[in-house]
There are 2 protein chains.
Amino acid sequence: MADGPDARARLTAAAGRSFAERGFSATTTRDIAARAGMSPAAVYVHHSSKEELLFLISRDGHDAALRVVTAAAASSEDPGQQLWATVREFALWHAVHHSVARVVQYEGCALSREHRALIASRRRAIEQVLRDVIEFGVQRGDFHCDDVPGTTMAILSLVVDVARWYRDGGPRTPDQIADLYAELALRMVGHQPRTTR
Amino acid sequence: MADGPDARARLTAAAGRSFAERGFSATTTRDIAARAGMSPAAVYVHHSSKEELLFLISRDGHDAALRVVTAAAASSEDPGQQLWATVREFALWHAVHHSVARVVQYEGCALSREHRALIASRRRAIEQVLRDVIEFGVQRGDFHCDDVPGTTMAILSLVVDVARWYRDGGPRTPDQIADLYAELALRMVGHQPRTTR
DNA sequence: GTCTATAAGATGATAGAC
DNA sequence: GTCTATCATCTTATAGAC
C-alpha cells in the first residue's frame with residue numbers, strides 16, 4: 001500500500017528532471033537530493049554515484065523508446081503505415097517524455113566508457129528498426145529513396161531534435177507534432193501509396 | 001607580421017573546442033588555458049569570465065550562420081532554388097563548423113539572461129529567413145505544404161541536429177550531407193517544379 | 001534509511017611579482 | 001601580458017550518530 005514512489009525512484013526522477021534542465025555537469029548531487037526531498041548523503045544509500053543515476057535514466061529511456069518503435073513498426077503489413085506509425089510514435093514519445101528524451105539524446109557523453117557502450121547498442125537497435133522499415137518500403141516499391149542510410153539518419157534527426165525544442169504549453173500538442181512529423185517522413189522517403197490516401 | 005592568432009583569439013578557439021567536446025559546465029577555465037597554452041590566470045586578462053567566452057562564441061557563430069542563410073536565400077528568384085541553396089548552405093555550415101555549431105545549438109542555456117536575449121534575436125532572424133523562403137514558395141504555388149511554421153521548424157531541426165551527430169572522418173563528407181538535406185527539404189515542402197529537374 | 005558533519009579535492013576568479 | 005600562488009567557495013562522496 002505505497003502512497004508514493006519509493007526513495008530510489010524519487011531520486012531517479014529528480015535527477016532526470018535536473019539533468020534535462022541544466023545538463024549532467026551543471027547538476028549537483030545537492031540539487032538532486034533537494035528535489036527528492038532528502039539530504040545529500042541519502043543519495044548514496046540508493047545509488048553509487050551521480051553517473052550511475054545518469055546511466056539508469058539513459059538505459060531505461062532507451063529501452064522505453066525501443067519498445068515504442070518496435071511495436072509501431074510491427075503494427076501493419078504496409079510499409080507506408082509502418083513508417084507513419086513508427087515516426088508518429090517515436091516523435092510522440094520525444095514530446096511527451098521530453099525530459100527523459102533530452103537526457104537520452106544529449107547527455108550520453110557524460111557516461112563512463114562501459115555504460116556508454118551499453119547505451120550505444122540500444123541506439124543501434126532503434127536505428128535498425130527505422131532503417132528496416134524504410135528498406136522494406138523501397139523493396140516493395142512504395143518508397144522512392146536513393147539513400148536509405150542517409151534518409152534513415154535524417155528522419156531520426158528530425159525526431160530526436162524534438163527533445164531539444166519541445167516545451168510544455170507550447171503552440172503544438174505532442175499529438176499534433178507527431179502527426180506532422182509522420183507525414184513529413186513519408187514525404188522524405190518518397191512515399192507513393194498504391195491506393196489514394 | 002603575426003605568426004599566429006593572438007591570445008584572445010586562441011582563448012576563444014580553445015574554449016569553443018572544449019565546450020563542443022564536453023559542454024560548458026564540464027569545461028574548466030584550466031582546460032581552456034591549457035589548450036591555449038597559457039596559465040589559468042591569463043584567461044582573465046582577455047575575458048572577464050567563462051560565460052563571456054561562451055557568449056562570444058555563440059554570438060559570432062550565430063552571426064556567421066545568419067550571413068550564410070541570408071546569402072543563400074537571396075541567391076535565386078526561384079523558390080525551389082532558394083530553399084535548396086538555403087538548406088544546403090545551412091547544413092554545410094553545421095557540418096564544417098560542427099564544433100562551433102554544437103556550442104551554438106546546445107549550450108545556450110548556460111548563458112546569462114542578458115546574453116541569452118541577444119542570442120535569441122539572432123535565432124529568430126535565422127528562422128525567419130527559412131520561413132520566408134517557404135512562404136514564398138507556397139504563395140507561388142511551387143510548394144505544397146499545409147503547415148508552414150511546422151515545416152519550417154522541422155527543416156531547422158533536421159539541419160541543427162547535424163551538429164549533434166557529425167564527426168570528422170565519418171562516412172559522409174559535409175558536401176554529401178548538404179546535398180542530401182537540401183533534397184529532403186524540397187520533398188518536405190512538397191516541391192513541384194514547373195520544369196523537370 | 002535518514003540525518004549532520006566533514007573529508008578531500010576541484011573550481012572560478014584574483015593578487016601581486018616580473 | 002604572463003606568470004606563480006592563492007582565496008573563497010563549491011563539489012562528490014563518506015563517516016558515524018540515531
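Atom set for the values below is all heavy atoms of this structure, side chains included, hydrogens, waters and symmetry mates excluded. Protein chains get the first letters and strands the later ones, always in sequence-line order, with residue 1 at the start of each. Owing to the predicted nature of the structure, the values given are computational and were not obtained by experimental measurement.
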Within this structure, what is the [atom1]-to-[atom2] distance between [X] and [N], rounded to whole angstrom?
X	N	atom1	atom2	answer
E51(B)	dG12(C)	CD	P	13 Å
E52(B)	dG12(C)	CD	P	15 Å
Y44(B)	dG12(C)	OH	C1'	4 Å
I32(A)	dA13(D)	CD1	P	10 Å
R30(B)	dA10(C)	CZ	C1'	7 Å
H47(B)	dG12(C)	NE2	P	15 Å
L11(A)	dA13(D)	CG	C1'	15 Å
M38(B)	dG12(C)	CE	P	17 Å

Taking only N and O in the side chain of H46(B), is any of them less than 4.0 Å away from OP1 or OP2 of dT2(D)?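 True: H46(B) side-chain N/O within range (under 4.0 Å) of dT2(D) OP1/OP2.
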Would you mind classifying the nucleic acid contact of [X] as base, sugar-phosphate or nothing, using non-hydrogen atoms under 4.0 angstrom?
X	result
A41(B)	base
S48(B)	nothing
S39(A)	base
S25(B)	nothing

Give me the ring orientation class for F55(B) and H115(B): parallel if the planes are under 30° apart, tilted from 30 to 60°, perpendicular past 60°.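 Ring orientation of F55(B) relative to H115(B): parallel.
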Residue T29(B), side-chain atoms from C-beta onward, closest of dA13(C), dG1(C), dC3(D):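 Nearest nucleotide to the side chain: dA13(C).
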Minimum-distance nucleotide to K50(A) side chain [options: dA13(D), dG1(C), dC3(D)]: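 Of the options given, the side chain of K50(A) lies nearest dA13(D).
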E21(A)/R35(A) ion pair, N-O < 4.0 Å: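 Counted as a salt bridge, because a side-chain N and a carboxylate O are separated by less than 4.0 Å.
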Short question: side chain of H62(B), backbone of R122(B) - any donor-acceptor pair under 3.5 Å?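 The answer is no, because no donor-acceptor pair under 3.5 Å joins these two groups.
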Mark yes or no for whether K50(A), through its side chain, and T27(A), through its backbone, hold a donor-acceptor pair below 3.5 Å.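 Yes: the side chain of K50(A) pairs with the backbone of T27(A).
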Can you confirm whether more than 12 heavy atoms, excluding those of R17(B), are under 6.0 Å from its CZ atom?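 No - once you tally the heavy atoms of other residues, nucleotides and ligands closer than 6.0 Å, there are 12 at most.
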